[in-house]
Amino acid sequence: MWAHLKDKSIILPAITAEEISKQVEPVLREMEKVGIKLDIDELKRFEGDIEEKANDLHNRILKIADCEINIDSPIQLADLLFKKFKLPTEGLKKTKTGISTAAGELGKIADKHEIIKLILEYRELKKLLTTYLKPLPLLVDEDGRLHTHYGQDTSTGRLNSFEPNLQNIPIKGKWGPKIRGCFVAQDGYKLISADYSQIELRVVACLAEDKEMMEAFNSGKDIHAETAADVFDIPLAEVSKEQRRFAKTINFGVLYGMSPYGLSQALNIPQNDAALYIAKYFDVYRGIKDYVNRMIDKAKTDGYVETLFGAKRELPNINSNYRVAVDADERIAINSPVQGTAAEILKLAMIRLADQLQVLGEKRKAKSEKPIARLLLTVHDELVVEAPEEDAEEISKLVKETMENVVKLCVPIEVEVGVGKNWAEAK
DNA sequence: ACAATGGTCC
DNA sequence: ACTCGGACCATTGTA
């Protein structure tokens with residue numbers, strides 16, 4: 001499917017998707033066994049702080065509600081907001097059971113009643129408590145380390161993490177970095193975080209062989225600003241914050257098979273405007289437009305699409321009579337090769353890195369008893385490594401080099417590395 | 001036990 | 001009326 005790419009600037013190792021999955025397997029098992037240290041004392045302190053705040057919010061909400069409802073029940077909450085308080089439901093999404101109380105919907109009526117802000121804040125804290133702060137300490141071993149399990153049974157080839165999932169540890173908001181900061185290096189060690197910069201956009205630029213997007217990656221540092229300049233047809237220096245934000249959303253939207261409606265929702269603009277931006281985007285990035293059409297055609301003809309290393313994704317509904325099902329499969333056809341190829345690049349990097357760290361460990365064995373650097377975590381486009389303090393800077397360079405050179409695409413692959421005592425600091 | 005709802009991450 | 005890719009997990013409420 002991608003054979004035509006391979007005789008150009010792209011250089012891929014001779015390995016199949018199947019073989020990548022097989023070879024990454026022992027790497028995953030070792031990472032599970034090693035685990036990552038959790039600073040339980042620190043986590044408990046945050047738990048106490050947040051529990052107190054959540055309780056306070058809970059009390060204030062019930063006082064305003066002036067009745068005994070369960071705030072955690074969307075049904076009861078909707079009754080309170082839309083029946084008792086008669087808040088406007090116009091423009092709010094509906095669910096099978098009534099009016100949606102999802103954060104995005106409540107945000108739309110946040111200025112209609114003081115209780116909304118309290119509910120949103122309560123929800124945020126409750127989430128942190130029940131999903132992270134309370135359960136995680138129960139799962140650490142006698143050495144204070146947390147051992148996730150990694151799987152590969154996803155539809156795109158990405159890795160998944162469970163019991164516990166360490167791929168959705170908070171990072172945003174006031175508390176995110178504090179919680180991530182509780183994932184720490186063991187004594188005498190540092191954590192190295194290395195993440196691919198815009199890997200999926202770089203991949204699609206290459207799969208699509210889009211001249212303009214390749215140029216953006218080759219020339220500029222800030223791809224979203226470059227895209228804004230291209231789409232709004234202005235010099236890079238004149239791109240406003242707003243325009244960059246738009247461009248960023250469109251760039252992401254492309255990877256997901258965005259519709260005018262989806263973009264209008266994401267940007268909170270009229271659907272007509274969104275349609276115009278998309279049209280302009282595809283006008284500028286002709287190659288991307290062609291890629292989208294090629295993937296849909298391919299799916300309709302063959303019933304599947306595939307990644308750069310040949311992992312297939314079946315699309316059983318692509319020729320169905322139900323438009324929603326067809327639309328859904330079309331979006332998958334657009335996204336899967338991109339997401340899947342990015343996943344393959346990361347897994348390949350893990351295989352290579354594990355290998356190099358192994359070699360390094362053997363060399364060092366003579367001099368020191370200390371285990372050398374070890375791979376701890378993988379989060380889709382990021383790797384977390386634990387290395388002896390004195391080696392951390394050197395190892396971080398090795399990690400970066402390895403990740404950047406595991407394949408050669410038509411645009412440079414860039415990896416951002418950071419070193420720190422904990423996961424938050426390393427990012 | 002399971003569906004529905006909601007929320008965290010990339 | 002509804003709509004954007006891929007995961008995991010908590011809670012409610014029903015079966």
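Note on naming: letters A, B, ... go to the chains in the order of the sequence lines (proteins, then strands), and numbering restarts at 1 for each one.
- The number of heavy-atom neighbours closer than 6.0 Å to NZ of A:K211, taken from other residues, nucleotides and ligands shown, is 12 or below.
- Using a 4.0 Å heavy-atom distance criterion, A:S259 is classed as a base contact.
- Spacing between C:dC2 and B:dA4 at atom P, rounded to whole Å, works out to 16 Å.
- The interatomic distance linking A:K96 (NZ) with C:dA1 (C1') rounds to 14 Å, in whole Å.
- Distance CD1 (A:I250) to P (C:dC4): 17 Å, rounded to an integer number of Å.
- Nearest to the side chain of A:T154, among C:dC4, C:dC9, C:dA7, sits C:dA7.
- Note on A:E105 versus A:K108: salt bridge recorded, some NZ/NE/NH1/NH2 to OD/OE distance being below 4.0 Å.
- Side-chain nitrogen and oxygen atoms of A:N168 include none within less than 4.0 Å of the OP1 or OP2 phosphate oxygen of C:dC8.
- Here the two rings, on A:Y277 and A:F232, have centers that are under 6.0 Å apart.
- Using a 4.0 Å heavy-atom cutoff across all strands shown, A:A343 reaches no nucleic acid atom at all.
- In summary, the side chains of A:D290 and A:Y285 do not present any donor paired with an acceptor at a separation below 3.5 Å, with no hydrogens or angles considered.
- When the nearest nucleotides of DNA chain C are assigned to A:V324 and A:Q339 by heavy-atom distance, the more 5′-ward of the two goes with A:V324.
- Going from atom CD1 of A:I269 over to atom C1' of C:dC4 covers 14 Å, rounded to whole Å.
- Side-chain N/O atoms of A:N70 include one lying less than 4.0 angstrom from OP1 or OP2 on C:dT12.
- Between the CG atom of A:L263 and the P atom of C:dT3 there is a distance of 16 Å, rounded to whole Å.
- When the C1' atom is compared between C:dA1 and B:dG7, the two are found 25 Å apart, to the nearest whole Å.
- No engagement by A:S336 is indicated, since no non-hydrogen atom pair under 4.0 Å with the nucleic acid exists.
- You cannot call A:Y256 stacked on the base of C:dC4; the centres under 5.5 Å and planes under 30° rule is not satisfied.
- Heavy-atom contacts of chain A under 4.0 Å fall on DNA chain B between two terminal nucleotides, which in 5' to 3' order are B:dA4 to B:dC10.
- Spacing between atom CZ of A:F246 and atom P of C:dC4 amounts to 20 Å, rounded to whole angstrom units.
- Side-chain proximity of A:I75 to the nucleotides C:dC4, C:dG13, C:dG6 is greatest for C:dG13.
- Across the protein-nucleic acid pair, A:Q152 atom CD and C:dA7 atom C1' stand 14 Å apart, rounded to whole Å.
- Here the C1' atom of nucleotide C:dC4 and the CD1 atom of A:I334 are 10 Å apart, to the nearest Å.
- Nucleic acid contact for A:I169: sugar-phosphate only, since backbone atoms but no base atoms lie under 4.0 Å from a heavy atom of the residue.
- Other residues, nucleotides and ligands contribute more than 12 heavy atoms inside 6.0 Å of the CG atom of A:N59.
- Considering A:E386, A:E30, A:E32 as possible partners of A:R374, the one that fulfils the salt bridge (charged side-chain N to carboxylate O under 4.0 Å, His left out) test is A:E386.
- Around CD of A:Q271, the count of heavy atoms belonging to other residues, nucleotides or ligands within 6.0 Å exceeds 12.
- Residue A:Y261 is classed as a base contact, given a heavy-atom separation below 4.0 Å to a base.
- The side chain of A:R331 contributes an N or O atom lying less than 4.0 Å from OP1 or OP2 of C:dG5.
- Nucleic acid contact for A:K127: base, since at least one base atom lies under 4.0 Å from a heavy atom of the residue.
- A straight line from CE of A:M258 to C1' of C:dG6 spans 18 Å, rounded to a whole angstrom.
- Within 6.0 Å of NZ in A:K248 there are 12 or fewer heavy atoms belonging to other residues, nucleotides or ligands.
- In this structure, A:E163 reaches the sugar-phosphate backbone alone: every heavy-atom distance under 4.0 Å involves primed, P, OP1 or OP2 atoms, never a base.
- Checking A:F162 against A:P74, the closest nucleotide of DNA chain C that is more toward the 5' end is the one next to A:F162.
- Proximity of A:S73 to the phosphate of C:dG13: a side-chain N or O atom is located under 4.0 Å from OP1 or OP2.
- For A:R313 and C:dG5, the shortest distance from a side-chain N or O to OP1 or OP2 is not below 4.0 Å.
- At the heavy-atom level, A:L128 lies nowhere under 4.0 Å from the strands shown.
- Residue contacts for A:Q76: at a heavy-atom cut-off of 4.0 Å it reaches the sugar-phosphate backbone alone, with no base atom in range.
- Looking at heavy-atom distances under 4.0 Å, A:K126 makes no contact with the nucleic acid at all.
- No more than 12 heavy atoms of other residues, nucleotides or ligands lie within 6.0 Å of CG in A:N321, so this atom counts as exposed by the packing criterion.
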